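So the structure is just underneath, and the comments pick up after that.
Please read all numbers here as calculations on a predicted model, not as lab measurements. When a ligand or atom number is given, it counts from 1 through the structure's own listing order. Nothing fancy with the numbering, it's 1 onward along the sequence.
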Amino acid sequence: MSSLLISRFAPSPTGRLHLGHAYSALCAHDLAKGPAGAGNGRFLLRIEDIDPTRSRPEHVEGIFEDLRWFGLAWDGDVLVQSARLPLYAAALDRLGAMELVYPCFCTRARIAAEIAASAAAPHGPALGPDGGPIYPGICRDLPPEARAARIAAGEAHAWRLDMAKAAALAGPLLWHDSRAGAVVATPQIHGDVVLARKDAPTSYHLAVTVDDAAQGVTDIVRGEDLFAATHVHRLLQALLGLPAPLYHHHALLTDEKGERLAKRAGSPTLASMRADGVDASDLVARLRKMNAALLS
Ligand code: GLU
């Protein structure tokens, strides 16, 4: 008996949805339900609102409105990350009990100064998958008493994963992507990622991993800009004893100049297209045509 396919769309309500989001949502929807919506998989909606400064309630309403305009119905209740903080804290505690996380008191300026100093060294700073320098490990080896004293004094801190230790404990890992095939997980390329931010008791990596498992998501459809993040998610799945879903990282929609639609300044939102009288079913039909090309 084949098991139920469960996909999801997981936008962050930091602005109105663009065509790129709509495309991703449509791919996730169609994988589970088929274009006619009659398939027996499940398509879930999750609001990733853990960023307290950038998330806005009016954008959550905007997401519902845009998906309805698009004719995309989701199954069951909408899962809202800001209501689930204790679950992420529990996952962080588990990693803490395994001695895989440490408090990081660094300010951005402190990290930048350390990186600038290492730029003069023969090898320069280590770079992550986005080309930016990775965290240079300043707080990794603080003595336990110093950590405890700074926390007790109320010093603001994030929690980072001790990546070398975590990857060694998990051992070799694979994940599967429908376009890339079997991928060897290389989470080390990210360095010691943040699992709980100074301003939020979790981070994208931790919350997404916990929630995809909690919602029983079998197939993750998202843009290829998040391909490298999956290395971290695969590691967290292994450490937390969670299942590994299948991944479908699709190509990103670009304009005629090859610029990403989601990132381009002033690129039209679904709300502005609706206001301009764009026909949603035409748009959906055009995006579906692209899907065949971009997902394969
Ligand atoms: N919330 C993320 C975003 O809007 C997407 C997360 C995911 O699909 O894993 O970029």
Side-chain angles (χ1 to χ4, degrees), residues 5-32 42-57 59-60 62-64 66-67 70 72 74 78-85 88 91 129-130 175-180 183 185 187 190 193-195 197 200 202-237 240 242-253 260-264 267 269-270 294-295:
L5 193 154
I6 303 179
S7 68
R8 50 60 163 188
F9 177 51
S12 305
T14 55
R16 293 303 299 247
L17 297 184
H18 289 77
L19 214 48
H21 296 111
Y23 176 69
S24 220
L26 193 66
C27 293
H29 169 272
D30 286 5
L31 192 68
R42 285 171 68 76
F43 169 63
L44 308 179
L45 177 61
R46 182 166 77 227
I47 301 296
E48 301 209 322
D49 60 345
I50 54 166
D51 186 325
T53 49
R54 296 177 63 228
S55 298
R56 298 256 185 286
H59 295 318
V60 177
I63 289 166
F64 297 158
D66 291 342
L67 291 179
F70 234 60
L72 288 188
W74 57 90
V78 177
L79 191 140
V80 179
Q81 288 193 325
S82 58
R84 297 172 52 79
L85 301 181
Y88 312 135
D130 62 359
W175 51 277
H176 295 269
D177 180 88
S178 54
R179 289 164 78 218
V183 182
H190 292 270
V193 289
V194 169
L195 295 187
R197 297 158 43 142
T202 183
S203 71
Y204 162 64
H205 293 309
L206 187 61
V208 86
T209 304
V210 167
D211 284 346
D212 281 327
Q215 292 189 285
V217 174
T218 61
D219 289 69
I220 295 182
V221 178
R222 61 186 175 199
E224 64 189 6
D225 52 332
L226 289 170
F227 188 94
T230 305
H231 294 304
V232 178
H233 305 170
R234 182 68 195 95
L235 173 62
L236 292 175
Q237 287 153 7
L240 294 168
L242 304 174
L246 293 174
Y247 289 86
H248 308 262
H249 288 101
H250 59 74
L252 302 174
L253 291 193
R260 272 184 63 183
L261 284 186
K263 292 279 148 115
R264 192 178 64 181
S267 96
T269 61
L270 297 186
L294 293 182
L295 248 187

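Between the side chain of S203 and the main chain of V194, a donor-acceptor pair closer than 3.5 Å is present. Judged by distance alone, with hydrogens and angles left aside, the side-chain atoms of D225 form no donor-acceptor pair with the main-chain N or O of L252 at under 3.5 Å.
Less than 4.0 angstrom separates some heavy atom of V208 from each of these atoms of ligand 1: 9 (O). Annotation for ligand 1: atoms under 4.0 Å from non-hydrogen atoms of S12 are 1 (N), 2 (C), 3 (C), 4 (O).
Of all the heavy atoms of Q81, none lies under 4.0 Å from any atom of ligand 1, so neither backbone nor side chain is involved.
Closest to atom 5 (C) of ligand 1 among all protein heavy atoms lies A10 O, 3.3 Å. In this structure, atom 8 (O) of ligand 1 lies nearest to the protein heavy atom R8 NH1, 2.7 Å. Protein heavy atom in closest approach to atom 9 (O) of ligand 1: R222 NH1, 2.7 Å. The protein heavy-atom contact nearest to atom 6 (C) of ligand 1 is E48 OE1, 3.2 Å.
When the options L195, L235, L242 are evaluated for a side-chain contact (heavy atoms from CB on, under 4.5 Å) with T209, the one that passes is L242.
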Legend entry - Trace of the side chain to side chain contact (heavy atoms under 4.5 Å, CB included) decision for T202 with R84: CA-CA 10 Å; T202 183; R84 297 172 52 79; over 6 Å; no
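Under a 4.0 angstrom heavy-atom cut-off, Y204 registers as being in contact with ligand 1. The shortest heavy-atom distance from H21 to ligand 1 is not under 4.0 Å.
Side-chain N/O atoms of D211 and Y88 include a donor and acceptor closer than 3.5 Å. No donor-acceptor contact under 3.5 angstrom links the side chains of R222 and H250, judged on distance only.
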Counting only pairs under 3.5 Å, give me each side-chain donor-acceptor contact of residues 7-15, with atom names and distances, residues two or more places apart or in other chains.
from: S7; atom 1: OG; to: A28; atom 2: O; distance (Å): 2.6
from: R8; atom 1: NE; to: D212; atom 2: OD1; distance (Å): 2.9
from: R8; atom 1: NH2; to: D212; atom 2: OD2; distance (Å): 3.0

